[in-house]
There are 2 protein chains.
Amino acid sequence: MRPLIHPDVEDVPVEAILHALSDPVRVAIYADIVGQDCSQSCSAFLHLRDKAIPKSTLSQHFKILREAGLIRGERRGVEMHNTSRCAEIEQRYPGLISTIVNAHNIQLASEAKAAKKSVKKAARRAVLAV
Amino acid sequence: MRPLIHPDVEDVPVEAILHALSDPVRVAIYADIVGQDCSQSCSAFLHLRDKAIPKSTLSQHFKILREAGLIRGERRGVEMHNTSRCAEIEQRYPGLISTIVNAHNIQLASEAKAAKKSVKKAARRAVLAV
DNA sequence: TTCATTAGTTCGGAATTTATGAACTATTGC
DNA sequence: GCAATAGTTCATAAATTCCGAACTAATGAA
């Protein structure tokens, strides 16, 4: 097995970072890792496993996040420990990570709101249908 | 010819914005359009035409930027007038556009520096080779 | 040690996306 | 009308991404 690649943040073009975070599964994973304040983490993917994302795909996603300099992965025995490298990126591209994660959270919030509304609408329809 | 699509910013997921800006040609175009303060613009692409980017490809790039809600395109006679929709995006995702454009500029600056260095190195090599 | 289990990677081909030349549309000016 | 210009669309070639199957590497139990 090849060793994991962790590029110097200086060598990562912004496009690579944006590309890494332009996938819904990857932003979700990344926001999750950043969210738990760079501390513990067994693998942010257990709750994604349910969503039927095959592990080979997840492995690729983690690789892309790693090679965009976004996360650091360390083998801990049989499993992987992933931590965010936000401090390093902050140094090179100030504000980038926090605004993106923030935007992602805004989106999650508005999705949740929309879902609630559509439930209400469905309920209203159900009432009208009686 | 189909009419141009300009989605409501509310309907654009962050991923679409990040994806649109994860291409070197597109960030360059977009940074350029944002750069000229949402005012004039004939088409930010004249200087890219030199770089041998075919016009069908450029057309696609503009389409992707438009459909990510990043720019507004208006036909003005035979040509296109493109303006940034940064104010609308700022409202929904505060700071997102400015930090990304900023990061892009930081990268351009460091690339310019690296290029200068490598010129100096080449010059040094040339001297040593005499 | 050997076997089984768990976590993750790698490989290869299918599915999807992107790039681009050629043909087309729409507008302007002659 | 015709020619020129700016941009779009279409079809297909090229590049990416997805994902199942096979593999590796570490752990624990027998």
Side-chain angles (χ1 to χ4, degrees), chain A residues 1-7 12-13 15-30 32-33 40-68 70-83, chain B residues 1-7 12-13 15-30 32-33 40-68 70-83:
Chain A
M1 252 172 193
R2 241 153 260 167
L4 304 178
I5 293 166
H6 292 104
V12 176
E15 298 99 64
I17 294 176
L18 298 182
H19 171 253
L21 297 176
S22 72
D23 177 278
V25 174
R26 286 194 300 259
V27 237
I29 293 172
Y30 184 66
D32 192 79
I33 293 177
Q40 43 80 50
S41 111
C42 35
S43 267
F45 72 91
L46 282 169
H47 36 105
L48 287 162
R49 272 300 254 303
D50 310 337
K51 305 212 172 184
I53 295 174
K55 60 180 189 160
S56 58
T57 304
L58 274 179
S59 181
Q60 283 300 319
H61 283 323
F62 276 95
K63 187 185 181 187
I64 288 168
L65 290 172
R66 258 189 336 258
E67 300 190 355
L70 287 167
I71 62 174
R72 185 179 304 284
E74 269 180 287
R75 276 184 234 281
R76 287 239 181 133
V78 78
E79 55 182 43
M80 199 74 137
H81 187 87
N82 293 294
T83 49
Chain B
M1 252 171 192
R2 248 154 255 169
L4 303 176
I5 294 166
H6 292 104
V12 176
E15 297 98 66
I17 295 177
L18 299 182
H19 172 253
L21 298 176
S22 72
D23 177 278
V25 174
R26 286 194 299 261
V27 238
I29 291 173
Y30 183 66
D32 192 79
I33 293 176
Q40 45 77 48
S41 109
C42 34
S43 267
F45 74 91
L46 282 169
H47 37 105
L48 286 161
R49 273 299 253 303
D50 311 336
K51 304 211 172 184
I53 296 174
K55 61 180 189 163
S56 59
T57 305
L58 275 179
S59 181
Q60 282 302 318
H61 283 321
F62 276 95
K63 187 184 181 188
I64 288 168
L65 289 172
R66 260 192 329 263
E67 300 190 355
L70 288 167
I71 63 174
R72 185 179 304 284
E74 270 181 286
R75 276 185 236 280
R76 287 235 182 137
V78 76
E79 53 184 42
M80 199 74 138
H81 187 85
N82 293 294
T83 49

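Within every chain, numbering begins at 1; the chains are lettered A, B, ... in the order of the sequence lines, protein sequences first and strands thereafter.
- Separating the NZ atom of Lys63(B) from the C1' atom of dA19(C) is a distance of 14 Å, rounded to the nearest angstrom.
- Under the 3.5 Å distance criterion, the side-chain polar atoms of Ser59(A) are left unmatched by any main-chain donor or acceptor of Ser56(A).
- You'll find that the side chain of Met80(B) is closest to dG7(D), out of dG7(D), dA6(D), dC11(C).
- Separating the CG atom of Asn82(A) from the P atom of dA7(C) is a distance of 14 Å, rounded to the nearest angstrom.
- Of all the heavy atoms in His6(A) and Arg66(A), the pair that sits closest is NE2-CD, 3.5 Å.
- Rounded to an integer number of Å, the gap from Glu74(A) CD to dA25(D) C1' is 17 Å.
- Residue Ser56(B) places a side-chain atom within donor-acceptor reach of the base of dG21(C), judged by atom type and a 3.5 Å distance cut-off alone.
- As rounded to whole Å, 16 Å separates atom C1' of dG8(C) from atom CD1 of Ile53(A).
- At dG7(D), none of the side-chain N or O atoms of Ser59(B) fall inside 4.0 Å of OP1 or OP2 (strictly under the cut-off).
- The nucleotide whose nearest atom lies closest to any side-chain atom of Arg2(A) is, among dA7(C), dC10(D), dT10(C), dT10(C).
- Atoms CD (Glu79(B)) and P (dG7(D)) sit 6 Å apart, rounded to a whole Å.
- Between the CD atom of Glu67(A) and the C1' atom of dT16(D) there is a distance of 15 Å, rounded to whole Å.
- For the pair Asp23(A) CG and dT17(D) P, the computed distance is 9 Å after rounding to whole Å.
- Between the P atom of dT8(D) and the CD1 atom of Ile5(B) lies a distance of 12 Å, rounded to the nearest Å.
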